[in-house]
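Please read the structure below before turning to the comments.
All values derive from a computational prediction rather than experimental measurement. Chain letters run A, B, ... following the sequence lines, proteins first and then strands; every chain starts at 1. Values below: all heavy atoms of this structure, side chains included; hydrogens, waters and symmetry mates excluded.
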Amino acid sequence: MFKFIFDRDTWQEIYGSIRKNKLRTAITIIGVMWGIFLLVVLLGAARGVENNFNKIFGNFATNSVFVWSQQTGKAFKGYQKGRNVQLKQADVYAITKNIKGIEKVVPRNLTDSQIVRGLKVVSSGIYGDYPTLNEVQKKNMVYGRFINQNDILDRKKVCVIKSDLYKQLFEEDENPIGQYIKINNISYQVVGMYEEKFGSGGPNGDVHIPFTTFQQTYNMGDNIGWMMITGKSEFNIIQIEADIKLLLKTIHKVHPDDSRAFGSFNLGNEIKKITGFLIGMQFLTWFVGIATLIAGVFAIGNILLITVKERTKEIGIRRAIGARPIEIKRQIVLESVFLTTIAGSLGIIFGGLVLMLIDTFAGHGDNATLTNPTVNIPVVMFAYVMLVTLGTLVGLIPASIATSIKPIEALSDE
Amino acid sequence: MIKFEKLHKSYPIGKKDFLHVLKGIDLHIKEGEFVSIMGSSGSGKSTLLNIVGLLDHHDEGNYFLNGQKIQKLNESKAAVLRNKFLGFVFQSFNLISYKTALENVALPLYYQGVKRKERQKIALEYLEKVGLKDWASHHPNELSGGQKQRVAIARALVAKPKVILADEPTGALDSVTSDSVMNLLKEINKEGMTVFVITHEEEIAAQTQRIVRLKDGIIISDELTKNK
């Protein structure tokens with residue numbers, strides 16, 4: 001069999017038959033090429049969109065929900081409607097202890113302050129944070145570190161700043177670590193600086209100080225602003241959200257049907273919608289690509305069928321001088337495989353080129369429409385193998401027709 | 001070499017009827033004979049040739065080719081036997097148009113699995129034998145009818161068959177080229193090859209050694225000519 005594939009005569013036969021049908025061969029090759037081209041480009045584009053989303057959400061624990069307190073919407077247990085509800089530190093422990101599937105509960109606080117360094121004055125939000133924040137919203141540290149447990153225990157006057165603030169307060173390339181900035185007239189030592197390309201959602205601030213320091217400095221007692229809660233991946237975040245709200249309503253004596261008292265934003269749910277959209281897009285891509293491929297391959301089968309009909313007499317001659325049916329068959333099948341392979345390779349090459357172009361012109365920077373649009377090699381290989389398989393199967397149709405004609409009938413075919 | 005015993009062949013017409021073409025043929029052709037089958041169209045001579053050439057099956061009776069009984073051959077076996085024992089020469093030459101004379105002659109060797117260089121060497125020898133060595137690289141449409149038929153004969157000979165089967169070999173040729181083709185066949189026969197010609201022309205048949213006349217599917221006469 002391999003001898004047959006590497007035989008010069010085999011290829012001469014194929015060349016001869018292709019040369020006889022140049023235009024038709026070209027058109028069919030374009031058909032298959034278009035199919036695999038679409039598949040590659042669409043998959044690459046889909047990947048680009050996916051990468052974009054990943055770039056935005058990649059640093060977040062996606063299975064998470066934000067919960068904050070508001071005012072009650074219903075009177076309950078003697079309390080008036082419109083009462084302010086305040087989340088407490090104790091709620092954090094209650095949630096951790098009572099709700100199933102919780103991974104982390106991160107309490108946070110925020111206030112607006114004036115920040116001064118030398119002659120520069122900037123107004124910004126100040127967060128009180130635990131080290132665990134860095135685990136659920138990974139910070140991309142440029143200098144130093146995030147808040148650690150010692151900062152929390154000792155209520156240190158240290159801070160971590162965002163690149164936006166750094167640019168306003170420091171010179172370019174100046175190392176901020178060890179420098180002091182004044183927040184509400186209290187000096188804090190900078191221990192870290194991080195970069196954030198996309199807003200994290202929710203209230204915004206550029207400075208993080210230890211949670212305990214915050215509570216003390218701003219006289220917060222055990223009040224907390226809001227919580228960020230992440231669930232274990234095997235648990236449904238929507239269920240967790242509902243459980244948490246119910247628990248909080250019980251603790252804070254809020255009517256079970258009161259939907260106003262606690263606000264929440266379910267990041268997991270939002271991301272699920274996007275992921276669903278992405279999966280749908282990929283499915284559509286595969287569907288369109290494969291359907292086009294199949295149409296293209298059948299076009300090749302069709303042209304071979306016509307060629308076989310035209311060559312009926314020639315096939316009869318070959319059989320009269322001793323060609324076995326299998327020799328006729330494999331020739332035609334190889335021709336089909338050859339055409340599909342050529343077309344497939346061209347499609348993949350052109351698809352790759354287009355993806356490279358997209359990547360060059362629209363694939364980089366913060367506002368990229370498609371980030372790093374690529375197609376996995378295994379995916380390409382799969383498409384390729386499928387193409388060759390289809391080519392073989394489709395080639396079998398004209399091949400069996402070619403040999404089903406009796407040599408005597410083929411010879412008398414004028 | 002070729003032996004028929006009470007050979008019958010019929011073709012179906014429509015769903016129920018049959019056309020009985022060969023009605024019990026008894027014929028024995030020995031090695032080295034130069035035989036012609038004569039008959040008008042419809043006499044069954046082409047059918048006979050197709051059966052001899054393993055291009056068609058017989059219904060009843062026995063057919064021995066080179067002592068081997070032929071029955072229920074599948075296509076692959078038939079192809080191998082054709083390649084080994086039989087060389088075909090057709091009225092319409094049946095050369096492959098996009099191959100050169102040399103490639104056409106070499107084709108039977110290709111199906112025997114002979115290597116490329118060896119194949120071309122042998123094919124060239126046979127082209128020389130039919131006097132067309134200089135035309136080796138020409139395509140069939142650049143050759144005259146007589147030349148085409150010589151190429152076809154070279155192709156029939158190249159696999160060293162036992163029998164040459166010629167179906168109206170001069171049917172498409174004028175009388176001068178007809179003679180040269182017949183002379184070539186005679187030469188081949190002199191070298192010991194069994195040659196089996198089908199024709200409806202008396203002049204052609206007269207140049208062979210034995211004439212078998214066929215009419216309505218039966219042999220009406222079988223006589224030697226004075227050429228013997």
Can you tell me if CH2 on A/W286 sees more than 12 non-hydrogen neighbours from other groups inside 6.0 Å?
-> yes
Quick check: are there more than 12 heavy atoms from other residues, nucleotides or ligands sitting under 6.0 Å from CZ of B/F64?
-> yes
Those residues of residues 395-404 of chain A that come under 4.5 Å of chain B on a heavy-atom basis, listed by number, are none
In Å and rounded to the nearest 0.5 Å, what is the CD to CZ distance from B/E75 to A/R319?
-> 4.0 Å
Got more than 12 heavy atoms from elsewhere within 6.0 Å of OH, A/Y15?
-> no
Max heavy-atom pairs within cutoff under 4.5 Å with chain A, candidates B/A79, B/P108, B/G87, goes to B/A79
B/L95, part contacting chain A, at a heavy-atom distance under 4.5 Å | backbone
What pairs of residues pass the ring pair (Phe, Tyr, Trp, His ring centres under 6.0 Å) test when at least one of them lies in residues 125-171 of chain B, not counting sequence neighbours?
-> B/W135-B/H138
Taking all non-hydrogen atoms of both residues into account, name the closest pair between B/S92 and A/K313 and its distance.
-> OG-NZ, 3.7 Å
Sorted by first residue and then second, give each ring pair (Phe, Tyr, Trp, His ring centres under 6.0 Å) pair with at least one member in residues 296-315 of chain A; sequence neighbours left out.
-> none
For residues A/R318 and B/I96, determine if any side-chain heavy atom of one lies less than 4.5 Å from a side-chain heavy atom of the other.
-> yes
Do any of residues 98-107 of chain B come closer than 4.5 Å to chain A, heavy atom to heavy atom, and if so which ones, in number order?
-> B/Y98, B/K99, B/E103, B/L107
So does B/K23 have more than 12 non-hydrogen atoms from other groups sitting under 6.0 Å from NZ?
-> yes
Which atom of A/G322 lies closest to which atom of B/Y111, heavy atoms considered | O-CB, 3.7 Å
Is it the case that more than 12 heavy atoms not belonging to A/I326 sit under 6.0 Å from its CD1 atom?
-> no
Should the heavy atoms of other residues, nucleotides or ligands under 6.0 Å from CZ of A/R324 be counted, would the total exceed 12?
-> no
